[in-house]
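A short write-up of the structure that comes next.
These numbers come from a predicted model, not from an experiment. As a basis for the values below, the full set of heavy atoms in this structure was taken, side chains included, without hydrogen atoms, waters or symmetry mates.
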Amino acid sequence: MVSKSLTRIQEDSVMNEPSLSPRRLCLFNTKTGTALRELNFLTSILAVRMNKKRLLVVLQDKTYVYDLNTVKILDSIDTVPNLKGLCAFSPSLDSCFLALPASTVKGSVLLYNVMELQSHCEIDAHRAPLAAVVLSSNGTYIATASEQGTIIRVHLVSDATKSYSFRRGTYPSNIFSLSFGPSMQLPDILVATSSSGSLHVFSMGFAINQRKSSSILGSIIPDSVADALDPTHHQVLQCAVTAGVKSNSVIRKVDKVVADTSTSEIVSCKATISIITYNGYFQEYSLSINQQNDPVWALEHEFNLLRVISDNAISL
C-alpha cells in the first residue's frame, strides 16, 4: 500500500512539473542557454547520443534517428527490449555507426549506419547477453562484454571480423564501462571498470607495434587474437574504486614516445584515465607503460563531487 502511494506521489510530481518527465527531451543552445526544441515520447528516454549531423534517442524497444539541424525524424529502428538503454555511437561522420543489442538471450550486436540510414551488420560476440558496448571514435572498432564479464572482444566494424579477445578475469563480474583511447587512427588502449573495483587496461597499440605491422588492418587480424590473450598486454589496478559501486571510465589522453621516427616504434606510452563513481567520487589516474610493458600507476586527482556541491551550496 505504501509503495502504491509513493508511486502516485511520483506520478503527481511529474504531472505538476512536466520538465521532470523522463519522456521529454529538450535541446538547448549551450552558448545562450535558451531552449531550442522539445521532443516528447510515449515511453521513457533511456539514452541520447549526438554528433554534428545526427541526434539519436534510445527507448526501451525503439530508437529514433533525427537530423540534428532540422530535428526532423529520419528513421526509427525497432529493437529487442533494451531496458538499460544499452548503446554505443561513433561520432565520426565518415564511419558513423550506432550499436544496439540484437538479442536478449545472447551477446549479439546490431550495427546501424547512421549517415546512410541502413543496417550495416550483426555481430555474434558472446554466448551471454550484452552488458557493455563501445565504438572507437573513428568507428573502426567495436568492443563488447557480456553479463558473464570474463572476456572482452573487439571486432573490426567494416567486415565484423574478430580482432582481439581480452580476458578480464577468471571469475564473473559485472562490466560497468568500456572506453577506447581517443586516437582517430588506431585506438591505443581499451579500459574497463567492473564490480570487482579494479581498473583494467588492454594495450592494443603495443600489440600492433611489437609485430611491426603496417597500417593495413587486415594484416594484423590473424595474429592479434593470440597476442591479445598474452597477459603482458593487460594491466590491472586493483581496488581502483569501491567494489560493487557502479563506475564509468574514460581515457582523456594518450601520449606516446617514439624512439625512431622512420619505424614509428613506440618505446613508452602514458595514458590519463578519469573515473567517476555512482557514490560521488571523481578520480584521475596516470598509467605509464614502457617497452617492456612495465606499468607505473599514479593517482593524480581525487575528490568527492557530492561534498564539493554541498560546500558550494553552503557558501551561497
Worksheet item: Which heavy atom in Val241 sits nearest to a heavy atom in Ser247, and how many Å separate them?
Response: CG2-OG, 4.1 Å
Worksheet entry | Nearest-0.5 Å distance that lies between atom CG in Asn174 and atom CD in Glu147 | 8.0 Å
Discussion item. Return the CG to CG distance between Leu68 and Leu27, rounded to the nearest 0.5 Å.
Written reply: 7.0 Å
Discussion item. Is there a path of hydrophobic side-chain contacts, each under 4.5 Å between heavy atoms of I/L/V/M/F/W/Y residues, joining Leu25 to Leu59?
Written reply: yes
Practice prompt. Would you check if Leu98 and Leu111 make a side-chain contact, meaning some heavy-atom pair closer than 4.5 Å?
Written response: no
Practice prompt. List the steps, then state whether side chain to side chain contact (heavy atoms under 4.5 Å, CB included) holds for Val201 with Val236.
Written response: CA-CA 6 Å; Val201 178; Val236 184; over 6 Å; no
Item to complete: Give the cluster check for Leu299 versus Leu237: same hydrophobic cluster or not, with ILVMFWY residues linked at side-chain heavy-atom distances below 4.5 Å.
Response: yes
Practice prompt. Indicate whether the side chain of Ser173 and that of Ser195 have a donor and an acceptor atom separated by less than 3.5 Å.
Written response: yes
Fill in: Nearest heavy atoms of Ala145 and Ile175, plus distance in Å
CB-CG1, 3.7 Å
Worksheet item: Do Ser179 and Ser249 have a side chain donor and acceptor closer than 3.5 Å?
Response: no
Discussion item. A quick test of your reading: do over 12 heavy atoms of other residues, nucleotides or ligands sit less than 6.0 Å from CG of Leu42?
Written reply: no
Worksheet item: Is it true that the side chains of Asp67 and Thr70 contain a donor and an acceptor less than 3.5 Å apart?
Response: yes
Item to complete: Mark yes or no for whether Arg23, through its side chain, and Ile45, through its backbone, hold a donor-acceptor pair below 3.5 Å.
Response: no
Worksheet item: Within a strict 4.5 Å, meaning less than it, do heavy atoms of the Ile275 and Phe282 side chains meet?
Response: no
Worksheet item: OH/Tyr141 to OG/Ser136 distance, rounded to the nearest 0.5 angstrom?
Response: 8.0 Å
Fill in: Cluster check Val134, Leu110: I/L/V/M/F/W/Y, side chain < 4.5 angstrom
no
Discussion item. Between Tyr285 (side chain only) and Ala240 (backbone N and O only), is there a donor and an acceptor less than 3.5 Å apart?
Written reply: yes
Fill in: Single hit among Ile142, Leu135, Thr140 for side-chain contact (heavy atoms from CB on, under 4.5 Å) with Phe97
Leu135
Worksheet entry | Smallest separation among heavy atoms of Leu199 and Trp297, with atom names | CD2-CZ3, 3.7 Å
Worksheet entry | Leu178 reachable from Tyr164 in the ILVMFWY side-chain graph, under 4.5 Å edges | yes
Discussion item. With rounding to the nearest 0.5 angstrom, report the CG to NZ distance, Asn290 to Lys270.
Written reply: 14.0 Å
Worksheet item: Taking side chain as C-beta onward, heavy atoms only, is Gln148 less than 4.5 Å from Arg127?
Response: no
Worksheet item: Backbone N or O of Glu38 within a donor-acceptor pair of the Arg24 side chain at under 3.5 Å?
Response: no
Worksheet item: Is the Phe41-Tyr64 ring centre distance short of 6.0 angstrom?
Response: yes
Worksheet item: So Thr43 and Gln60, side-chain hydrogen bond (donor to acceptor under 3.5 Å, both in side chains) or not? Walk me through it.
Response: CA-CA 8 Å; Thr43 60; Gln60 179 174 317; over 6 Å; no
Item to complete: Flag the pair Ile273 / Val250 as yes when at least one side-chain heavy-atom distance between them is below 4.5 Å, and no otherwise.
Response: no
Worksheet item: Going through the distances and angles, do Ile189 and Ile251 end up as a side chain to side chain contact (heavy atoms under 4.5 Å, CB included)?
Response: CA-CA 8 Å; Ile189 58 176; Ile251 306 169; 3.4 Å; yes
Fill in: Leu56 side chain near Phe89 side chain, heavy-atom distance below 4.5 Å
yes
Worksheet item: Does the side chain of Ser108 pick up a donor-acceptor pair with the side chain of Asp124 at under 3.5 Å?
Response: yes
Practice prompt. Find the distance between OG (Ser119) and CG (Asn113) and round it off to the nearest 0.5 Å.
Written response: 9.5 Å
Worksheet item: Could you walk me through whether Val109 and Leu100 pass the side chain to side chain contact (heavy atoms under 4.5 Å, CB included) check?
Response: CA-CA 6 Å; Val109 187; Leu100 295 164; over 6 Å; no
Discussion item. Could you check whether Glu300 and Ser286, counting side-chain N and O atoms only, form a donor-acceptor pair closer than 3.5 Å?
Written reply: yes
Item to complete: Please confirm whether the backbone N or O of Asn29 pairs with a side-chain atom of Thr34, one donor and one acceptor, at under 3.5 Å?
Response: no
Practice prompt. State, yes or no, whether a side-chain contact exists between Pro182 and Val254 at a heavy-atom distance under 4.5 Å.
Written response: yes
Discussion item. Using side-chain heavy atoms (C-beta onward) and a distance below 4.5 Å, is Arg167 in contact with His234?
Written reply: no
Practice prompt. Search all heavy atoms of Arg168 against all heavy atoms of His200 and return the closest pair with its distance.
Written response: O-CE1, 3.3 Å
Worksheet item: Backbone N or O of Val157 within a donor-acceptor pair of the His120 side chain at under 3.5 Å?
Response: yes
Worksheet item: Does NZ belonging to Lys62 count more than 12 external heavy atoms closer than 6.0 Å?
Response: yes
Discussion item. Under the side-chain contact (heavy atoms from CB on, under 4.5 Å) test against Tyr66, which residue among Val57, Leu74, Asp75 passes?
Written reply: Val57
Worksheet item: For the residue pair Asn69 and Lys52, what are the closest heavy atoms and their distance?
Response: OD1-O, 4.3 Å
Discussion item. Between Thr144 (side chain only) and Ala125 (backbone N and O only), is there a donor and an acceptor less than 3.5 Å apart?
Written reply: no
Item to complete: Answer yes or no: is there a donor N or O on one side and an acceptor on the other, between the side chain of Ser146 and the main chain of Ala128, under 3.5 Å?
Response: no
Item to complete: State the CG-CZ distance between Leu190 and Phe180, to the nearest 0.5 angstrom.
Response: 5.0 Å
Worksheet item: Does Asn51 reach the side chain of Cys96, with side-chain heavy atoms less than 4.5 Å apart?
Response: yes
Item to complete: Would you check if the side chain of Ser177 reaches a backbone N or O of Ala192 as a donor-acceptor pair within less than 3.5 Å?
Response: no
Worksheet entry | Donor-acceptor under 3.5 Å (Asn82 side chain, Leu86 main chain) | yes
Worksheet entry | Hydrophobic cluster identity match, Ile151 and Leu130, side-chain contacts under 4.5 Å | no
Item to complete: Could you tell me whether the side chain of Thr242 and the main chain of Val245 form a donor-acceptor pair under 3.5 Å?
Response: no
Worksheet item: Going through the distances and angles, do Arg54 and Val65 end up as a side chain to side chain contact (heavy atoms under 4.5 Å, CB included)?
Response: CA-CA 7 Å; Arg54 296 288 185 260; Val65 181; 4.0 Å; yes
Worksheet item: What pair of heavy atoms forms the shortest contact from Ala99 to Val133, and how long is it?
Response: CB-CG2, 4.1 Å
Worksheet item: Is the number of heavy atoms from other residues, nucleotides or ligands within 6.0 Å of OH (Tyr278) greater than 12?
Response: no
Item to complete: Decide whether Ser92 and Ser90 meet the rule of one side-chain donor and one side-chain acceptor closer than 3.5 Å.
Response: no
